Protein chains: 2
Amino acid sequence: MLSQRARYAVKAMLNIARTPESASQVRSISDEEGIPRRFLEVIMVDLRRAGLVESARGKTGGYRLARPASLISFAEILRTIDGPLALLPCASRNFYARCADCPDTVHCALSLVLAEARDRMASVLEGTTLADADALDRRFQLLREVA
Amino acid sequence: MLSQRARYAVKAMLNIARTPESASQVRSISDEEGIPRRFLEVIMVDLRRAGLVESARGKTGGYRLARPASLISFAEILRTIDGPLALLPCASRNFYARCADCPDTVHCALSLVLAEARDRMASVLEGTTLADADALDRRFQLLREVA
DNA sequence: TTTAATCCCTATTAAAAGAGTAGGATTATG
DNA sequence: CATAATCCTACTCTTTTAATAGGGATTAAA
């Protein structure tokens, strides 16, 4: 399960992606998405340190995506906030660590199964970007307006 | 990430699957797998209540698989101990719950992406049984003996 | 140059989850 | 009846998570 932080992070990133022309401010993001302002500030710092957003201070400051929305995947956001996607460290690619007890990490059925599961899941999350999600949400929005 | 409980549960189930002819006792499982005995007892009760193992009390008691190992999937074990495989309740099939904030659960890009990720991962975990893992581990065992 | 609005940094708190323990009740066998 | 197993409830300890608090640094605009 994702942490609340990760859910907030994704929502914030989607919010920012929606207005690429201007910087998005924490205050407005937190209002629009229903995220505690102070909490979101802390999360945004993590996203900035991870190189996913850029910040500007001062009166007209705020956050922008560090790259086009089509180059920021869900996987990257989730990994930044919650760490590995895999179900065990020994099945992780970006945060690999061998199990303390398991002497032979390569010849372990559990590790193999979980690695395969991770790869399948990761391929979806790596392959879907903020731009994809934004496009989808806009389409849903249209449908709602028609109905 | 899996909880320690879930990792222990899988290891215990694999241990039991290895000797289908006799009942496995908590004491021996905990010794062989390096799991705290008292802790494992609690875990086994959960597995029994979920219908994955059957127990016998008394002097020659112990645990057996409730079904053939080829009919017990990793998914079932993990779900029993850690709950949903999905990254959010709104993307879960067995523990579905709509998000409190998200008014329109069907037309939500995040939900769709996570559901797809869940399905891919779940198909691996549903499709792999204790028998599969056991067979694989036995093969690894042979390789080690040759070397 | 003042002001106000932003991001930024470090602590702190409160609640929940996770890991493991303890004691004793129940049940079956010999 | 003695023994050895599962079972049940409750408890402790630690870590993580969620959120808040106070103030400092920065910058654009009035």
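Quick note on labels: first sequence line is chain A, next is B, and so on, each numbered from 1. These numbers were taken from a predicted model, which means no experiment stands behind them.
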Interatomic distance where [atom1] belongs to [X] and [atom2] belongs to [N] [whole Å]:
{"X": "B:R7", "N": "C:dG18", "atom1": "CZ", "atom2": "C1'", "answer": "13 Å"}
{"X": "A:F39", "N": "C:dT13", "atom1": "CZ", "atom2": "P", "answer": "18 Å"}
{"X": "B:Q4", "N": "D:dT15", "atom1": "CD", "atom2": "P", "answer": "14 Å"}
{"X": "A:M44", "N": "C:dC8", "atom1": "CE", "atom2": "P", "answer": "9 Å"}
{"X": "A:R64", "N": "C:dT6", "atom1": "CZ", "atom2": "C1'", "answer": "14 Å"}
{"X": "B:I43", "N": "C:dG18", "atom1": "CD1", "atom2": "P", "answer": "13 Å"}
{"X": "A:I81", "N": "D:dT16", "atom1": "CD1", "atom2": "C1'", "answer": "15 Å"}
{"X": "B:E54", "N": "D:dC7", "atom1": "CD", "atom2": "P", "answer": "11 Å"}

Handout entry: First encountered from the 5' end of DNA chain D, between B:K59 and B:Y63
Key =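 Taking each residue's closest nucleotide, the earlier one in sequence belongs to B:K59.
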
Fill in the blank from the handout: By nearest-nucleotide position on DNA chain D, the 5'-leaning member of A:E41 and A:G58 is A:E41

Exercise for the section: Choose from D:dA18, C:dA19, C:dC7 the nucleotide whose nearest atom is closest to any side-chain atom of A:R57. Expected result: C:dC7

Handout entry: Shortest side-chain distance from A:S3, nucleotide among C:dC7, D:dA18, C:dC9
Key = D:dA18

Handout entry: Touch class at under 4.0 angstrom, heavy-atom based, for A:R49 against every strand present
Key =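 Sugar-phosphate only.
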
Handout entry: B:D82 vs B:L40, nearer the 5' end of DNA chain C by closest nucleotide
Key =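 Closer to the 5' end of DNA chain C: B:D82.
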
Exercise for the section: Indicate the ring-plane relationship of A:F39 and A:Y8, choosing parallel, tilted or perpendicular according to the 30° and 60° boundaries. Expected result: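 The rings of A:F39 and A:Y8 stand perpendicular, inter-plane angle above 60°.
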
Could you tell me if the side chain of [Y] sits less than 4.5 Å from the side chain of [X], heavy atoms only?
{"X": "B:V146", "Y": "B:L142", "value": "no"}
{"X": "B:L110", "Y": "B:L88", "value": "yes"}
{"X": "A:R138", "Y": "A:R18", "value": "yes"}

Handout entry: Side-chain donor/acceptor contact of B:R38 with base of C:dG23 under 3.5 Å
Key =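 Yes, a donor-acceptor pair under 3.5 Å.
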
Handout entry: Side-chain donor/acceptor of B:R5 to base of C:dG20, under 3.5 Å
Key = no

Exercise for the section: Could you walk me through whether B:S28 and B:D31 pass the side-chain hydrogen bond (donor to acceptor under 3.5 Å, both in side chains) test, one step at a time? Expected result: CA-CA 5 Å; B:S28 75; B:D31 284 351; over 6 Å; no

Practice task
Starting from the C-alpha separation in whole Å, work towards a yes-or-no answer on side chain to side chain contact (heavy atoms under 4.5 Å, CB included) for B:R98 and B:C90.
Solution key: CA-CA 5 Å; B:R98 58 178 282 279; B:C90 69; 5.5 Å; no

Short side-chain N/O contact to [N] OP1/OP2 from [X], under 4.0 Å:
{"X": "A:R37", "N": "C:dC7", "answer": "no"}
{"X": "A:R48", "N": "C:dC8", "answer": "yes"}
{"X": "B:S55", "N": "D:dC7", "answer": "yes"}
{"X": "B:Y8", "N": "C:dG20", "answer": "yes"}
{"X": "A:Q25", "N": "C:dT6", "answer": "yes"}

